[in-house]
Amino acid sequence: MSLDLSLYLVTDAALSGPRGVAAVVAEAVAGGARIVQLRDKNATEAEIVDQLVELSAVIAGRALLVVDDRLDAALEARRRGARVDGVHLGQSDASVLDARAALGPDAIVGLTANRSEHLDAVRALPAGTVDYLGVGVVHPTTTKPDHPPALGIEGFAAFVAQSPLPCVAIGGVGLDDVAPLRDAGAAGVAVVSAICAADDPRSATRAFLRAWHGTRPPRVLSIAGSDPSGGAGIQADLKSIAANGGYGMAAITALTAQNTRGVRDVHVPPAEFLREQLDALADDVDIDAVKIGMLADAEIIRTVGDWLDRVRPETVVVDPVMVATSGDRLLDTAAEDALRDLLPLADVVTPNLPELAALAREQPAQNWGSAQEQAARLSERYGVLVLVKGGHLDSAEVPDALVGPDGALAAFSGPRIVTVNTHGTGCSLSSALATRRARGADWATAVAEARAWLRESIAAASGLDVGRGHGPVSHFAGLWTRGGLDTAPTAAGIADEWWQRITGIRRGIDDLPFIRALADGTLPRDAFVFYLAQDALYLREYARVLAAAASLAPTSAEQAFWAQGAQGAIAGELELHESWLSAERTFAADPGPVTNAYLDHLRSVAFGGDYAELVAAVLPCYWLYADLGERLGAGVFGAYALDPAHPYASWLSTYADPGFAEANRRAIAIVTSAAADAAPETRARMYAAFERAAQLELDFFAAPLPEAAAVL
Ligand SMILES: Nc1ncnc2c1ncn2[C@@H]1O[C@H](COP(=O)(O)OP(=O)(O)OP(=O)(O)O)[C@@H](O)[C@H]1O
Ligand SMILES: Cc1ncc(CO)c(N)n1
Ligand SMILES: [Mg+2]
């Protein structure tokens, strides 16, 4: 193990209290202490040997173990099989030369020093005799009653500047001293009472380490599967960690063949190789946080659990990848049991609703309140915090809650972003959470920060245009924008986003009684004729608006397209209307309130003279009718809609016509290209005009048949 002196624990039996030195050492090492000095001036040689044997077992190779002064005890403990890495000697203790000779070249030999003559003596020694100097006391302390005058931070800095060896600051070191001592050149800080007397030595140790590492990016390890599409798995984890200020590493548990539309195959390398990956890292890198994702089977899960139990990283987040988007369970029973056994080794587990139910061995919660109660039971049972994710709720808001054994500790919510690009959101959230925590945030703050980053990434996902299924989030969108690397969204990405953002409207249209009855032919004739009469009035004005778009078009091709659209609205579609309304009566109806509202919207946008905004406003009429016509013509609403004997077959065939579909594709391309080229604020106005028109399309279909309608 490398000589990491950053957090050097010196034991004190009295301060450790009834729980004992070994318990304090176990917690401090779990908190990240990487070197421990057993120091007990009152113990006998035999007692020191026994303590070294006990501490060696407790530390289990996760930290270096040295003993203060007692060279013989170190040798005896080694003879009894203990791992004792070295000794720390005072100026009046055995000579460092004897210690080096007795312990060998790989041992750790430390020496107390605090005067310039001590440095002269060290310089006179053969190179490699002493590995580090313990320099203090920094402040007056009771743990070393006979200490020399305190150096203070400045005195320590002056001494370090003269020292040929790494210097560990010792004596009265408190949390506030850590950064100044580090900045003064310390190789580490030796802490006694601030950890030995702490109620929670693990947290106290972590606090010292956070103070020592300051803004160094946390080293975050993802233990997960590979997703070649980059949206989930270790690929998403590494991007999420980096985007949230961490240094990402990854040990791969499984290889998947997947894309934005699903998983085709999974290959699971031998668990032993995963162990090799994990040990290789732990032997070399101090890992600040671990995020655990896809673990394919029980053996893989147990391998990770054994490693976690040995290494005890400061932060562990488990994202239980147990249920596929399709709802299929991804793990067999043995693996699910093994995953439950892993939970006590984690700080937080981040299940979505199906995964929460699976872990709790209960039915899926039917509402958000019961989901949080289920999470509290899981938290209580396994001693782990639960970030229950509400993304799968069919609600306009997307809630998440950080839940402990007594219920929600923090609740979060925000409007659902209407998009299909949510592949890997769970992976990304959990990795961001682990990173934010490792940067020093408390859990609730870390969740809030991770959510905010993820929201920004989801919202920007349409700009990536990756795959034709559920696309990935844009992990660096915020950084790209703030760094001037803003990538304008693509036309395809905008089409996807706009279409998704009106999902509610589209579902609303499909659910309308008018549409249902139109599809199955049960729509009363007078209701249909009323709709057609209003539509005729609408189309006559719509044709004028399209002509206005033609007059504003920036290219002749677009001018021709909109002019042709105007002609089609008057000739082609009205032909249908005249067949029902008779030529002389086609425009006889009075425009209803919705007809007026829709035409007012189009006219006001046309009057504004902004071409991009105007073509966005006319697009829903193309897109929603083409979509409806295509699905009716495909039998989505029932095969009867395809029957030539259908009472409204002429309407259905007009909007299922391939020519209309082509015109729609062309209109989408023109509008979304204009949006992609537009400034963000213009793009926002375009979308607003588009969404307003889409809503008016729904209102138009839903317009109730007036009691005394001038039905023709
Ligand atoms: N459409 C959305 N709008 C806003 N936030 C979202 C949306 N979808 C997901 N999120 C955020 O992402 C988090 C995780 O997403 P989700 O609920 O899909 O988890 P998951 O099912 O585990 O994801 P994955 O399939 O990647 O594992 C949610 O808790 C929520 O915070
Ligand atoms: C490798 C991998 N891990 C996690 C998920 C969950 O999104 C996925 N799709 N692929
Ligand atoms: Mg998930």
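Atoms within each ligand, like the ligands themselves, are counted from 1 in listed order.
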Can you check whether [X] has an N/O within less than 3.5 Å of an N/O in ligand 1?
{"X": "G424", "value": "yes"}
{"X": "T425", "value": "yes"}
{"X": "K389", "value": "yes"}
{"X": "I417", "value": "yes"}

For [X], the ligand 2 atoms whose distance to one of its heavy atoms is below 4.0 Å:
{"X": "C427", "answer": "4 (C), 5 (C), 6 (C), 7 (O)"}
{"X": "G225", "answer": "1 (C)"}
{"X": "A232", "answer": "5 (C), 7 (O), 8 (C), 9 (N), 10 (N)"}
{"X": "H423", "answer": "9 (N)"}
{"X": "G233", "answer": "1 (C), 2 (C), 3 (N)"}

Below a 4.0 angstrom heavy-atom separation, can you tell me which part of [X], side chain or backbone, both or neither, approaches ligand 1?
{"X": "D319", "value": "neither"}
{"X": "V321", "value": "neither"}
{"X": "D400", "value": "side chain"}
{"X": "N352", "value": "side chain"}

(message) Taking 4.0 Å as the limit for heavy-atom contacts, which would you say applies to S226 with ligand 2: side chain only, backbone only, both, or neither?
(response)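 The answer is the backbone of S226.
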
Which ligand 1 atoms are under 4.0 Å away from a heavy-atom of [X]?
{"X": "R451", "result": "31 (O)"}
{"X": "I458", "result": "5 (N), 6 (C), 7 (C), 10 (N)"}
{"X": "G391", "result": "17 (O)"}
{"X": "L454", "result": "11 (C), 12 (O), 13 (C)"}
{"X": "R455", "result": "4 (C)"}

(request) Examine distances only and state if a side-chain atom of R206 and a backbone atom of E314 form a donor-acceptor pair shorter than 3.5 Å. (result)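 Side chain of R206 to backbone of E314: a pair is present.
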
(request) Taking atom CZ of R468 as the centre, report whether more than 12 heavy atoms of other residues, nucleotides or ligands fall under 6.0 Å from it. (result)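 12 or below, so no.
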
(message) Counting only heavy atoms not in E681 (residues, nucleotides, ligands), do more than 12 fall under 6.0 Å from its CD?
(response)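 Atom CD in E681 is crowded, with more than 12 foreign heavy atoms closer than 6.0 Å.
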
(message) Can you tell me which residue among D627, N664, V615 is in a side-chain contact (heavy atoms from CB on, under 4.5 Å) with Y622?
(response)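 Per the side-chain contact (heavy atoms from CB on, under 4.5 Å) rule, the option paired with Y622 is N664, out of D627, N664, V615.
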
Is [X] salt-bridged to [Y], cutoff N-O under 4.0 Å?
{"X": "R377", "Y": "E362", "value": "yes"}
{"X": "D279", "Y": "R310", "value": "yes"}
{"X": "D288", "Y": "R210", "value": "no"}
{"X": "K389", "Y": "D400", "value": "no"}

(request) Measure centre to centre between the rings of W623 and W499, then say whether the value is under 6.0 Å. (result)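 For W623 and W499, the ring centres are under 6.0 Å apart.
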
(request) Could you establish whether A232 and ligand 1 come within less than 4.0 Å of each other, counting only heavy atoms on the residue side? (result)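 A232 does not count as a contact of ligand 1 under the 4.0 Å cut-off.
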
(request) Would you please name every residue forming a salt bridge (Lys or Arg N to Asp or Glu O under 4.0 Å) with R506, sequence neighbours left out? (result)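 Scan of R506 (salt bridge (Lys or Arg N to Asp or Glu O under 4.0 Å), adjacent residues dropped) gives none.
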
(message) List the residues meeting salt bridge (Lys or Arg N to Asp or Glu O under 4.0 Å) with D510, not counting sequence neighbours, and say none if there are none.
(response)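 Residues passing salt bridge (Lys or Arg N to Asp or Glu O under 4.0 Å) with D510: R631.
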
(message) For the SG atom of C427 and the NZ atom of K291, what is their distance to the nearest 0.5 Å?
(response)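 Separation between the atoms: 4.5 Å.
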
